[in-house]
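Have a look at the structure below before the remarks.
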Amino acid sequence: MYHDGIDGWKQAGLPIQKERISLKPVSVALVPQKQLVVSNEEMLKLAQSKSVQIIDARTPDEYSGKDIRAIRGGHIPNAINVPFEDNWQDPAAGVKLSKKQVNDNSGMALKNTTDLKKLYENLDPDKETVVYCQSGVRASETATVLKSLGFKKVKVYDSSWLGWGNNLKAPVTDETFLNVGALNAKMAAMQNKINQLEEALKAKNN
């Protein structure tokens with residue numbers, strides 16, 4: 001994976017090609033790497049083990065239960081929160097880019113090795129480490145960073161918070177529940193606005 005993306009490539013002054021390239025198909029045999037992922041059943045067992053380090057790569061609001069993205073908010077017991085954006089040179093780069101406060105994604109480039117080691121210095125690289133987020137995407141970046149730092153037993157909890165937060169039998173720290181009534185009210189209000197806009201467009205076209 002080339003982490004810096006096309007913006008980083010351009011900033012480095014590297015050549016850009018605009019012509020389309022067609023490559024010949026190749027035969028690829030993919031083999032599942034079961035040792036790299038953790039299932040829901042396995043995670044329930046690992047969460048009770050003190051021999052495993054669990055990293056929550058979500059935002060602090062997701063971790064604390066303020067930002068609920070499943071039936072429940074909160075985090076897996078004993079998990080430590082290291083947002084995956086903290087791996088970046090500028091953890092706020094994504095927000096800045098969405099608000100057009102910056103012109104490119106260069107702030108999303110990874111920190112140097114020294115700073116990354118400092119970020120995870122309280123963890124034991126020899127212990128089994130499981131990373132999760134909301135769906136496994138953010139956790140995969142953190143897992144890759146940890147592997148590059150010499151962590152020997154890194155796994156991704158594949159279902160992540162979608163699998164854990166929606167399983168009412170799974171223990172949760174800082175547990176909060178989704179307010180379905182409030183959510184339905186917001187959706188109804190949004191639908192009313194859509195209906196009003198559609199009526200306004202019809203009137204304008206007529």
Side-chain angles (χ1 to χ4, degrees), residues 1 3 5 36-50 52-99 101-102 105 107-111 115-125 127-149 151 153-180 182-183 186:
M1 178 185 292
H3 185 82
L36 300 179
V37 295
V38 175
S39 67
N40 286 323
E41 294 75 18
E42 291 170 329
M43 195 66 221
L44 284 168
K45 295 178 182 178
L46 290 173
Q48 301 172 11
S49 173
K50 294 183 179 179
V52 177
Q53 301 172 131
I54 304 174
I55 299 177
D56 186 323
R58 300 176 300 160
T59 65
D61 281 353
E62 289 173 90
Y63 178 80
S64 67
K66 292 180 181 178
D67 184 356
I68 306 173
R69 302 190 183 186
I71 292 176
R72 299 177 295 167
H75 60 271
I76 296 176
N78 300 317
I80 63 170
N81 185 214
V82 185
F84 94 119
E85 293 95 340
D86 287 355
N87 296 318
W88 304 347
Q89 291 180 12
D90 180 5
V95 174
K96 291 177 180 178
L97 195 60
S98 67
K99 293 181 178 180
Q101 295 174 348
V102 293
N105 66 358
M108 294 181 183
L110 293 177
K111 289 182 169 76
D115 289 338
L116 287 172
K117 284 183 176 180
K118 187 175 181 180
L119 181 62
Y120 298 102
E121 63 184 356
N122 293 326
L123 296 174
D124 185 349
K127 288 181 72 173
E128 183 173 6
T129 305
V130 178
V131 191
Y132 75 93
C133 56
Q134 174 69 12
S135 62
V137 176
R138 290 174 282 179
S140 296
E141 180 185 277
T142 292
T144 302
V145 167
L146 292 174
K147 289 288 288 184
S148 73
L149 295 178
F151 281 70
K153 302 175 183 178
V154 182
K155 299 180 180 180
V156 171
Y157 173 29
D158 193 29
S159 297
S160 283
W161 192 252
L162 284 174
W164 194 271
N166 288 327
N167 179 5
L168 297 180
K169 294 181 180 179
V172 171
T173 300
D174 293 335
E175 184 179 48
T176 53
F177 281 85
L178 180 66
N179 188 330
V180 178
L183 180 62
K186 288 181 179 179

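Numbers here simply count residues along the sequence, with the first being 1.
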The reported gap from CD in E62 to CZ in R138 (rounded to nearest 0.5 angstrom) is 4.0 Å

Any chance you could lay out the side chain to side chain contact (heavy atoms under 4.5 Å, CB included) test for L178 and I71, step after step, and finish with the verdict? CA-CA 5 Å; L178 180 66; I71 292 176; 5.6 Å; no

Between L97 and N105, the two heavy atoms sitting closest are CD2-CB, 4.1 Å

(message) I'd like to know if the side chain of S148 and the backbone of V145 have a donor-acceptor N/O pair within less than 3.5 Å.
(response) yes

Test your reading of the model: is there a side-chain donor-acceptor pair from E85 to the backbone of G94, 3.5 Å cut-off?
no

- Query: Taking it one step at a time, do I55 and L146 satisfy side chain to side chain contact (heavy atoms under 4.5 Å, CB included)?
  - Reply: CA-CA 11 Å; I55 299 177; L146 292 174; 3.7 Å; yes

*asked:* I want to check something: taking the side chain as every heavy atom from C-beta on, are N167 and L44 in contact at a cut-off of under 4.5 Å?
replied: yes

Determine whether V172 and W161 satisfy the following criterion, side chain to side chain contact (heavy atoms under 4.5 Å, CB included), listing intermediate values before the conclusion. CA-CA 10 Å; V172 171; W161 192 252; 3.8 Å; yes

| said: Under a 3.5 Å distance rule, please check whether N81 uses its side chain to pair with a backbone N or O of D56 as donor and acceptor. | reply: yes

N40 and S159 have their tightest heavy-atom pair at OD1-CB, 3.4 Å

For I76 and A47 the tightest heavy-atom approach is CG2-CB, 4.0 Å

When rounded to the nearest 0.5 Å, the distance separating NZ of K50 from CG of N78 is 8.0 Å

Query raised in the report: Can C133 and R58 be said to form a side chain to side chain contact (heavy atoms under 4.5 Å, CB included), step by step?
Result: CA-CA 5 Å; C133 56; R58 300 176 300 160; 3.9 Å; yes

_Can you confirm whether more than 12 heavy atoms, excluding those of D90, are under 6.0 Å from its CG atom?_
yes

Residue set satisfying side chain to side chain contact (heavy atoms under 4.5 Å, CB included) with Q101, at least two apart, ordered chain then number -> K96, K99

CG (N122) and CD1 (I80) are apart, to the nearest 0.5 Å, by 7.5 Å

Return yes if some donor-acceptor pair links the side-chain N/O of Q89 with the main-chain N/O of K111 below 3.5 Å, else return no. no

Quiz item: Quick one: does R72's side chain have a donor or acceptor within less than 3.5 Å of a partner on W164's backbone?
Solution: yes

Q. Do Y120 and D86 meet the criterion of a side-chain donor-acceptor pair at a distance under 3.5 Å?
A. no

Practice prompt. Please examine the side chains of T142 and V82, heavy atoms only from C-beta on, and report whether any two atoms are closer than 4.5 Å.
Written response: no

Is there side-chain contact between L119 and N87, with heavy atoms separated by less than 4.5 Å? yes

Crowding at NZ, K118 (>12 non-hydrogen neighbours, <6.0 Å): no

In short, I68 meets G73 closest at the heavy-atom pair CG2-N, 3.7 Å

Residues passing the side chain to side chain contact (heavy atoms under 4.5 Å, CB included) test with D174, sequence neighbours excluded, are H75

Given the options Q53, K155, K153, E128 meets side chain to side chain donor-acceptor pair (under 3.5 Å) only with K155

In short, F151 meets T129 closest at the heavy-atom pair CD2-OG1, 3.9 Å

Of all heavy-atom pairs linking P77 and P171, the shortest is CD-O, 3.2 Å

Exercise. Taking the side chain from D158 and the backbone from S39, do they hold a donor-acceptor pair closer than 3.5 Å?
Worked result: no

Value for CD (Q134) from CG (D67), rounded to nearest 0.5 Å, stands at 8.5 Å

